[in-house]
Amino acid sequence: MRVLGQMAAENSTSVTEFILAGLTDQPGLRLPLFFLFLGFYVVNLVGNLGLITLIGLNSHLHVPMYFFLFNLSFIDFSFSTAIVPKMLMGFVSEENIISYAGCMTQLFFFCFFVISESFILSAMAYDRYIAICKPLLYTVTMSPQVCLLLLLGVYGMGVLGAVAHTGNIVFLTFCADNLVNHYMCDILPLLELSCNSSYINLLVVFIVVTIGIGVPIVTIFISYGFILSSILHISSSEGRSKAFSTCSSHIIVVSLFFGSGAFMYLKPPSILPLDQGKVSSLFYTIVVPMFNPLIYSLRNKDVKVSLKKTLGRITFS
């Protein structure tokens, strides 16, 4: 079996490494961009690891809403870590070379975390729907067992999507040109580089992306449709304001993530050139994972109270 796998790999490609073009070909911009994105990455690490630690240390945050937020922060941290370090190396090296195996590995984890994030956001929308529309059944409906099953579904869909995308690319042939017009091993630049990609490969990408983004978006829209209907039936303005505030952070994160992702993948390459696509992909690979913990920290009273208590305990100790 191992021999057959090696023969299939040798037949599928004659390229052993790729060169990542990066964000810019102007040497004068490389150092400023290096420090800019290094700063973004540090904020990402501090914010997401800080939120993970905060939720882990405070028992009153061990509820479904923060269980999913904990996993969102883990996904955001891992997502950026799969992309940004290699991107930063490209700013300071003469040629940003990545091996064929390394490229496929990066592609797999990129797809896994993108799809996992889209489904964790839909799980969070479902959690808010139960909390606002069926508050009396919340404890039973969002039991630990249900939350665990939802999480397994999130990561299961991530694995299936990543396997489909990576398998779609692995069996392509890369004949001579190995310059990837991107700062990472993304799907569309690799398809463009292949000498035997066809409409079937594009169709596979479209179907998997539609499922990976379309299904969560539909789930989120349906959840918020019911939420909006319930909020409008609340008689007191204070109650409506409180209900809106519990959803506002999630709505902002959803808009940023799905907006940039749909702009990149749900348009044909002829409409959205790859150079513009690189800029668009910066939002959901770097900017959105950096802003998520800030949005939830600054707009969430429970998180701010827990942060003050934790800092107080550290200072007292």
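These numbers come from the heavy atoms of this one structure, side chains and all, not from hydrogens, waters or symmetry mates. Residues: numbered from 1 along the sequence shown. Here the structure is a predicted model, which is why all the values come from computation and not from measurement.
For the pair Ile130 and Tyr126, the minimum side-chain heavy-atom distance is below 4.5 Å. Using a 4.5 Å heavy-atom threshold, the side chains of Phe257 and Glu117 count as touching. In this structure the side chain of Leu190 reaches within 4.5 angstrom of the side chain of Cys185, judged on heavy atoms. At least one side-chain heavy atom of Phe18 sits less than 4.5 Å from a side-chain heavy atom of Leu193. Under the 4.5 Å side-chain criterion, counting only non-hydrogen atoms from C-beta, Phe68 is in contact with Met142. Using a 4.5 Å heavy-atom threshold, the side chains of Val205 and His165 count as touching. Residues Thr141 and Val146 form no side-chain contact, since every pair of their non-hydrogen atoms from C-beta on lies 4.5 Å or further apart. At a threshold of 4.5 Å between non-hydrogen side-chain atoms, the residues Cys247 and Ile227 count as touching.
Residues Pro189 and His182 approach most closely at CG-CD2, 3.5 Å, considering heavy atoms. Of all non-hydrogen atoms in Thr105 and Ala101, the two that sit nearest each other are OG1-O, 2.8 Å. Phe113 and Ile75 get closest at one heavy-atom pair: O-CG2, 3.6 Å. In this structure, Cys111 and Ile187 approach most closely via the heavy-atom pair SG-CD1, 4.0 Å.
Remark: Thr81 engages Tyr41 in a side chain to side chain donor-acceptor pair (under 3.5 Å) (not counting sequence neighbours). Residues satisfying the ring pair (Phe, Tyr, Trp, His ring centres under 6.0 Å) test with Phe77, not counting sequence neighbours, are none. In this structure, the side chain to side chain contact (heavy atoms under 4.5 Å, CB included) partners of Ala82, at least two apart in sequence or on a different chain, are Phe109.
Leu294 CG to Ile252 CD1: the interatomic distance, rounded to the nearest 0.5 Å, is 11.5 Å. A distance of 10.0 Å separates SG in Cys103 from NZ in Lys86, rounded to the nearest 0.5 Å. With rounding to the nearest 0.5 Å, the separation of CG in Leu57 from CD1 in Ile52 is 11.5 Å. For the atom pair Ile295 CD1 and Ile251 CD1, the distance stands at 12.0 Å (nearest 0.5 Å). The distance from the CD1 atom of Ile98 to the CG atom of Leu20 is 5.5 Å, given to the nearest 0.5 Å. Atom CD1 of Ile55 sits about 11.0 Å away from atom CZ of Phe67, to the nearest 0.5 Å.
Within the 3.5 Å criterion, the main-chain N or O of Ala123 finds no donor-acceptor partner in the side chain of Asp127. In this structure a side-chain-to-backbone donor-acceptor pair under 3.5 Å is present from Asn196 to Thr173. A donor-acceptor distance shorter than 3.5 angstrom exists from the side chain of Asn48 to the backbone of Asn44, with no hydrogens or angles considered.
Cluster membership check: Val163 does not share its hydrophobic cluster with Leu152, using side-chain heavy-atom separations under 4.5 Å among Ile, Leu, Val, Met, Phe, Trp and Tyr. Met89 and Met184 fall into different hydrophobic clusters, defined by Ile, Leu, Val, Met, Phe, Trp and Tyr side-chain heavy atoms under 4.5 Å apart, directly or through other members. Note on Leu149 and Ile120: separate hydrophobic clusters, where clusters join Ile, Leu, Val, Met, Phe, Trp and Tyr whose side-chain heavy atoms are under 4.5 Å apart, directly or indirectly. Transitive grouping of hydrophobic side chains (ILVMFWY, heavy atoms separated by less than 4.5 Å) brings Val92 and Leu36 into a common cluster. Connection of Phe70 to Leu148 is not established within any shared hydrophobic cluster, with ILVMFWY side chains joined at heavy-atom distances below 4.5 Å, either directly or through further cluster members.
No donor-acceptor contact under 3.5 angstrom links the side chains of Tyr129 and Ser230, judged on distance only.
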Original post:
After noting the C-alpha distance and the side-chain angles of Asn292 and Ser73, does the key distance pass the side chain to side chain contact (heavy atoms under 4.5 Å, CB included) rule?
Top reply: CA-CA 8 Å; Asn292 282 355; Ser73 290; over 6 Å; no
Subject >> Chi angles and distances behind the side chain to side chain contact (heavy atoms under 4.5 Å, CB included) call for Asp186, Val180 >> reply: CA-CA 9 Å; Asp186 200 355; Val180 180; over 6 Å; no
**OP:** Begin from the C-alpha positions of Met157 and Ser116 and carry the test side chain to side chain contact (heavy atoms under 4.5 Å, CB included) through to its verdict.
**Re:** CA-CA 7 Å; Met157 291 303 295; Ser116 296; over 6 Å; no
Original post:
Step by step, would you call Asn201 with Phe206 a side chain to side chain contact (heavy atoms under 4.5 Å, CB included)?
Top reply: CA-CA 9 Å; Asn201 299 106; Phe206 182 78; over 6 Å; no
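The number of heavy atoms from other shown groups lying within 6.0 Å of OH (Tyr138) is above 12. Around the CZ atom of Phe108, the shell of radius 6.0 Å holds more than 12 heavy atoms that belong to other residues, nucleotides or ligands.
Aromatic ring pairs are classed by plane angle as parallel below 30°, tilted from 30° to 60° and perpendicular above 60°; the pair Phe91 and Phe37 is parallel.
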Under 3.5 Å, side-chain donor or acceptor atoms of residues 211-226 against the rest of the protein: list the pairs with distances, not counting sequence neighbours.
| unit_1 | atom_1 | unit_2 | atom_2 | d |
| --- | --- | --- | --- | --- |
| Thr219 | OG1 | Val215 | O | 2.9 |
| Ser223 | OG | Thr219 | O | 2.9 |
| Tyr224 | OH | His250 | ND1 | 2.7 |

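Taking Ile, Leu, Val, Met, Phe, Trp and Tyr as members and joining any whose side-chain heavy atoms lie under 4.5 Å apart, directly or through other members, the hydrophobic cluster of Leu179 also contains Ile19, Ile97.
Tested against Pro289, the residues Phe283, Phe79, Phe40 include a single side chain to side chain contact (heavy atoms under 4.5 Å, CB included) partner, Phe79.
Counting only residues at least two apart or on different chains, the side chain to side chain donor-acceptor pair (under 3.5 Å) pairs with a member in residues 144-160 are Asn71-Tyr155, Ser143-Gln145.
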